[in-house]
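This structure is a prediction, so every number in the text was calculated from the model and none was measured. Below, all heavy atoms of this structure are taken into account, side chains as well, without hydrogens, waters or symmetry copies. Each chain gets a letter, A, B and so on, in the order its sequence line appears, and its residues count up from 1.
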Amino acid sequence: MDANASHHSFEAFLLFESDALRGRSNIEFMETNATERKTLDDRQKMTDLERLRHSCAHVMATAIAKLWPDAQFAAGPPVENGFYYDVELEHRISPEDFLKIEAEMKVVTKSNQTFEKVVVSRDDALDQAKRGRLAALNDRAVPSKFKLDIIQGIPEGEAISFYKNGDFIDLCAGPHVMRTGNIGAFKLTHVASAYYKGDEKNPQLQRIYGTAFKNKTEMEAYFNMIEEAKKRDHRKIGQEMSLFVIDTEFVGPGLPLWLPKGAAIVEELEKLAKETEFAAGYVRVKTPHIAKEKMYLTSGHLPKLYADSMFPPMQLRDEGSGGGLDAREAELHQKEGNLEEMVSKEFAAFKKNSGIDLLSPDQVNDFLGSLSEEYQKKFDEYVHQKFAIGLVRSGQPVERYYLKAMNCPHHHRIFAAEPRSYRDLPLRLAEYGTNYRYEQSGELFGLMRVRSLNMNDAHIYCQPEKFAEEFNAVNELYLKYFKIFGLEKYVMRFSTHDPKRLGEKYVNEPELWIQTENMVRDVLKNSGINYVEVPNEAAFYGPKIDVQVWSIIGREFTIATNQVDFAVPKRFGLVYRDKDNIDKTPLCIHRAPLGTHERFIGFLIEHYAGNFPLWLAPEQVRVITIGDEQPLVDYAKSIIQELRAQMVRAEGDYGTDPIKAKIQKAEQSKVHTMLVIGGRDMEAGAVSVRLHGKGNLGAKPKTEALANIFTAIRERREI
RNA sequence: GCCCAUGUAGCUCAGUUGGCAGAGCACGUCCUUGGUAAGGACGAGGUCAUCGGUUCGAUCCCGAUCAUGGGCUCCA
């Protein structure tokens, strides 16, 4: 591997590791497309709705040009849920301006102007742009600079056209609706910034987003759908159900804390993974959260390529002020003395201020909290120096430690820890490892983008000839999980290499590529898995499979990536002794079917809208008494004991609230199963069963009701 | 990181054109003893994100910082 190639491999490596959990694959996909210019034919393929929305972008530009004639427009395409137009304008457009703009837009749609297409010569186009006539209502002193730039970028021979509505003329390839009045309903939604042509070296523009529909009814339906999705937002439900919090003040942004109810879900998922993986022949390992710098220098994440995504290192520094050890120890004693002096002074002042002579333990804590910043700083310096001296004396070298951003290097070292024979393979090392990644602050998003993540990780080391079998087994795992979570729509995006770019974008192992890709393709084909093949999207060192799933309301999530890796084990010098007594490098399959707890639970919350199936429900059963008489409470408590003895998460509500209030509380907190008991039930040895969202099922013998609960949980299905 | 918006009680949000800080829910105490989505009374809860500036006076105006959210890919 030459230097350049290995540079790419680090990049590819980090791409895999981040893609798996960040769902970046789409972005990558789009970027590849974006480099290819849309042809005029492509543009004619616009759907009716896109055509309408693109027309609406022109209407918006017309309105903005009227309000701010110096506005410079760049591009205004239709997008997934509407349209935008990029505009350069001194005035900062805020949502308050939307009403004003919309009012002007309404004037344009009401007057029902025709969209007229005019095909012009290149010279004409340039001339009009220079006169500032494009994307404007009149001639202007300054040229329409972005339009001018765009015209210059149009290849020779391609037709250039203007579209005109009323007095507004814009450079545009179309297509458009016939008249402005065809835009039945529209609304501006938000404003953001974007660089011209997406390049940060270009000027920053204001991107104004809006949406448009044939008629009001369809627009209302769209906004209702948005509202529905908002109700399912994992951040909202997570708070309502007390699943997790993000304590930015004391713990840090992007570092979620799982509350007991959320941790219950975490535990259930781990239990599922452990059972499933155990049955599939995985062995579990445990690795520390940190490793020496050498680890990541070897893996290639450091010194540069992954450094930005890792938390800065913990450095055990020897930062003495020169001089021998003796001199520095003397300095340390001096510092100790100074500190003591400072403390006694501040203590005296504290006692004087509070007027207390003998402090209680609480008051001592108050005092410690009140110590001056200067003292704290000196104290830190003191501790640091003491530590550094200790290190020097013990003869340890200065070291840097990093929080791990991925588990594979640790697992590779586990592979390397013992001599491996082909008889030991496949070795499937599994771990719910906690990784730390320094995501950019603007990238953080609820549980979906975090800085600490628990990955359902495993690395399968196998002989190349066993690959198909292993890879197939991994896919079986996925299908099994999809079934458990009721995921009906999924697609595996199988990314392959491009032979033309071997040695540049892809590791130069033509035969290995073809061989591995064929193996992957065969497995996918034979197993009847729903997949699409995406050429020229593989990672540097092997084909990859992104797993996209759709939640019950049709939102798409990328939950996991599988990666076939025929290059990195080599970097770690991993070998096994084969039958022929030769050391060979194993293939490695990286896989994480349940992604990370953070992202996966975020997905599940939205998928289920917080109404988890019984086995996952944070509170599975609540026993509710009608009244608070002692015998009834005792009966309820005995039921809870029976449930808890079988690891069922059960709580009791024995309070004095009226029964309707207790039911509502339980329903609102989405308790899966309510066992309501009154005097009648107690005498009959019965419970009356109510399921969340499904209402009262009526009285059942207690033993039968409990047995149903136990079985349903064990089999991970509904009652 | 960059642009824009937001930050008031545990939660959802009012409010003050600059002059003692508000509601509902949740919480606590008491009353209520009831059969499947809210019985009642009283009470406790706040450095109005943080720091600085203007002012007789700042939660409000100005600036900075931090955090959260929407974007920063979909090219005439």
Side-chain angles (χ1 to χ4, degrees), chain A residues 24 26-38 40 43 50 54 57-58 73-80 83-84 86 92-96 125 129 134-135 144 146-154 158-163 170-174 189-200 204-209 233 235-236 239-240 242 245-249 252-254 308 439-446 624-629 632 655-668 674 676-681 688-690 692-693 695-699:
Chain A
R24 279 268 175 77
N26 279 346
I27 293 168
E28 236 186 299
F29 180 54
M30 302 279 192
E31 277 167 1
T32 339
N33 270 2
T35 56
E36 287 151 30
R37 198 169 171 280
K38 257 190 191 161
L40 292 181
R43 295 187 57 98
E50 281 170 341
H54 176 53
H58 277 238
F73 291 92
V79 289
E80 197 180 342
F83 62 86
Y84 69 76
D86 283 344
R92 289 259 154 241
I93 292 179
S94 72
E96 282 101 74
L134 294 183
S144 307
F146 299 117
K147 299 293 174 183
L148 196 58
D149 182 62
I150 290 163
I151 294 168
Q152 283 158 352
I154 297 175
E158 192 173 295
I160 298 178
S161 58
F162 293 166
Y163 270 84
D170 200 354
L171 172 77
C172 181
T189 51
H190 54 283
V191 57
S193 91
Y195 296 106
Y196 179 55
K197 292 187 170 171
D199 187 339
E200 61 185 297
Q204 201 158 38
L205 309 173
Q206 302 188 62
R207 177 168 291 181
I208 304 155
Y209 283 88
D233 190 303
R235 293 162 298 179
K236 185 175 156 70
Q239 184 177 63
E240 284 166 359
S242 298
V245 291
I246 297 182
D247 176 356
T248 56
E249 193 187 351
D308 283 350
E439 299 283 357
Q440 302 241 36
S441 58
E443 302 244 292
L444 298 176
F445 174 69
I624 299 170
T625 58
I626 303 174
D628 66 343
E629 275 144 7
L632 203 51
T656 63
D657 282 340
I659 182 64
K660 272 174 181 274
K662 290 184 180 181
I663 294 289
Q664 173 149 349
K665 255 188 223 168
E667 287 284 357
Q668 281 176 345
M674 288 150 271
V676 180
I677 53 172
R680 292 206 297 267
D681 303 289
S688 91
V689 179
R690 182 190 170 99
H692 170 56
N696 187 3
L697 302 188

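- Here the straight-line distance linking atom CD1 of I150(A) with atom SG of C172(A) works out to 10.5 Å at 0.5 Å rounding.
- Within 4.0 Å of F445(A), counting heavy atoms only, lie sugar-phosphate atoms of the nucleic acid but no base atom.
- A37(B) atom P lies 11 Å from atom CD1 of I624(A), rounded to whole Å.
- Taking only side-chain atoms of E629(A), from C-beta outward, the nucleotide of A37(B), U33(B), U68(B) with the closest atom is U33(B).
- No hydrogens or angles were tested; on distance alone, a donor-acceptor pair under 3.5 Å links the side chain of D681(A) to the base of G35(B).
- Across A58(B) and G19(B), the matching C1' atoms stand 10 Å from one another, rounded to whole Å.
- Among A37(B), U33(B), C74(B), the nucleotide with an atom closest to any side-chain atom of D628(A) is U33(B).
- Comparing atom distances between the R680(A) side chain and each of G71(B), G35(B), C72(B) picks out G35(B) as nearest.
- Across all strands, E240(A) comes closer than 4.0 Å to no nucleic acid atom at all (heavy-atom distances).
- Set against C75(B), C72(B), A38(B), the side chain of Y195(A) has C72(B) as its closest nucleotide.
- Using a 4.0 Å heavy-atom criterion, one finds that G679(A) contacts the bases of the nucleic acid, with or without backbone contacts as well.
- Rounded to a whole Å, the CD1 atom of I626(A) is 12 Å from the P atom of A37(B).
- When the P atom is used for both C48(B) and G40(B), the distance is 33 Å, rounded to whole Å.
- Rounding to whole angstrom units, CG of residue L205(A) and P of G71(B) are separated by 18 Å.
- Residues satisfying the ring pair (Phe, Tyr, Trp, His ring centres under 6.0 Å) test with Y209(A), not counting sequence neighbours, are Y84(A), H190(A).
- Phosphate proximity of U12(B) to Q239(A): present, with a side-chain N or O under 4.0 Å from OP1 or OP2.
- When the C1' atom is compared between G15(B) and G22(B), the two are found 7 Å apart, to the nearest whole Å.
- In this entry the distance linking NE2 of H190(A) with P of C3(B) reads 18 Å, nearest Å.
- Listed nucleotides G69(B), C4(B), A38(B) differ in distance to K660(A); the shortest reach to its side chain belongs to A38(B).
- Every residue was checked against the salt bridge (Lys or Arg N to Asp or Glu O under 4.0 Å) condition with D628(A), not counting sequence neighbours, and none meets it.
- Here the separation of G43(B) from U59(B), taken at their C1' atoms, is 26 Å to the nearest Å.
- C60(B) sits 10 Å from U50(B) when the P atoms are compared, rounded to a whole Å.
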(request) Can you run through RNA chain B from 5' to 3' and write each base as (, ), [, ], | or . depending on how it pairs? Watson-Crick or G-U wobble, both distances under 3.5 Å. (result) (((((((..((((.....[..)))).(((((.......))))).....(((((..]....))))))))))))....

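- Ranked by how close their nearest RNA chain B nucleotide is to the 5' end, C172(A) and I93(A) are led by I93(A).
- At least one donor-acceptor pair closer than 3.5 Å links the side chain of Q206(A) to the backbone N or O of I93(A).
- Nearest to the side chain of V191(A), among G34(B), C4(B), G70(B), sits C4(B).
- Nucleic acid contact class of I659(A) (heavy atoms, under 4.0 Å, all strands): sugar-phosphate only.
- With sequence neighbours excluded, no residue forms a salt bridge (Lys or Arg N to Asp or Glu O under 4.0 Å) with D247(A).
- Rounded to whole Å, atom C1' of C75(B) lies 13 Å from atom CG of D170(A).
- Taking NE2 from H58(A) and NE2 from H54(A), the interatomic distance works out to 3.5 Å, rounded to the nearest 0.5 Å.
- Heavy atoms of T656(A) sit under 4.0 angstrom from at least one base atom.
- Remark: P of C11(B) and NZ of K665(A) are 19 Å apart, rounded to the nearest angstrom.
- Counting only distance, with no hydrogens or angles, the side chain of S193(A) and the backbone of L205(A) share no donor-acceptor pair below 3.5 Å.
- In terms of phosphate contacts, R235(A) brings no side-chain nitrogen or oxygen within less than 4.0 Å of OP1 or OP2 of U68(B).
- One N or O on the side chain of E667(A) and one on the backbone of G693(A) form a donor-acceptor pair closer than 3.5 Å.
- Proximity of a side-chain donor or acceptor of K147(A) to a complementary backbone N or O of D170(A) within less than 3.5 Å is not detected.
- Using a 4.0 Å heavy-atom distance criterion, I151(A) is classed as making no nucleic acid contact.
- At the heavy-atom level, P658(A) lies under 4.0 Å from base atoms of the strands shown.
- G18(B) and C61(B) have their C1' atoms separated by 8 Å, given to the nearest Å.
- Residues passing the ring pair (Phe, Tyr, Trp, His ring centres under 6.0 Å) test with Y196(A) are F146(A), sequence neighbours excluded.
- In terms of phosphate contacts, Y209(A) brings no side-chain nitrogen or oxygen within less than 4.0 Å of OP1 or OP2 of A5(B).
- The CD1-C1' distance, from I246(A) to G69(B), rounds to 12 Å in whole Å.
- Checked against A67(B), A38(B), C75(B), the side chain of T248(A) finds its nearest nucleotide in A67(B).
- Anti is the classification of G69(B), since its glycosidic angle lies more than 90° from 0.
- A699(A) comes within 4.0 angstrom of nothing in the nucleic acid, heavy atoms only.
- Ranked by how close their nearest RNA chain B nucleotide is to the 5' end, G442(A) and A173(A) are led by G442(A).
- Put simply, R207(A) has no side-chain N or O that comes within less than 4.0 Å of OP1 or OP2 on G70(B).
- In this structure, D233(A) atom CG and G69(B) atom P are separated by 9 Å, rounded to whole Å.
- The salt bridge (Lys or Arg N to Asp or Glu O under 4.0 Å) check on K660(A) picks up nothing, with sequence neighbours excluded.
- With both ends at atom P, the span from U6(B) to C25(B) equals 29 Å, rounded to whole Å.
- Side-chain atoms of A661(A) lie closest to A38(B) of the nucleotides A38(B), C75(B), G70(B).
- In this structure, of C75(B), A37(B), C2(B), it is C2(B) that holds the atom nearest to the side chain of Q204(A).
- Syn is the classification of C20(B), since its glycosidic angle stays within 90° of 0.
- The side chain of Q664(A) approaches A38(B) more closely than any other nucleotide in the set U68(B), G35(B), A38(B).
- Using atom C1' as the reference point in both G57(B) and C20(B), the two lie 13 Å apart (nearest Å).
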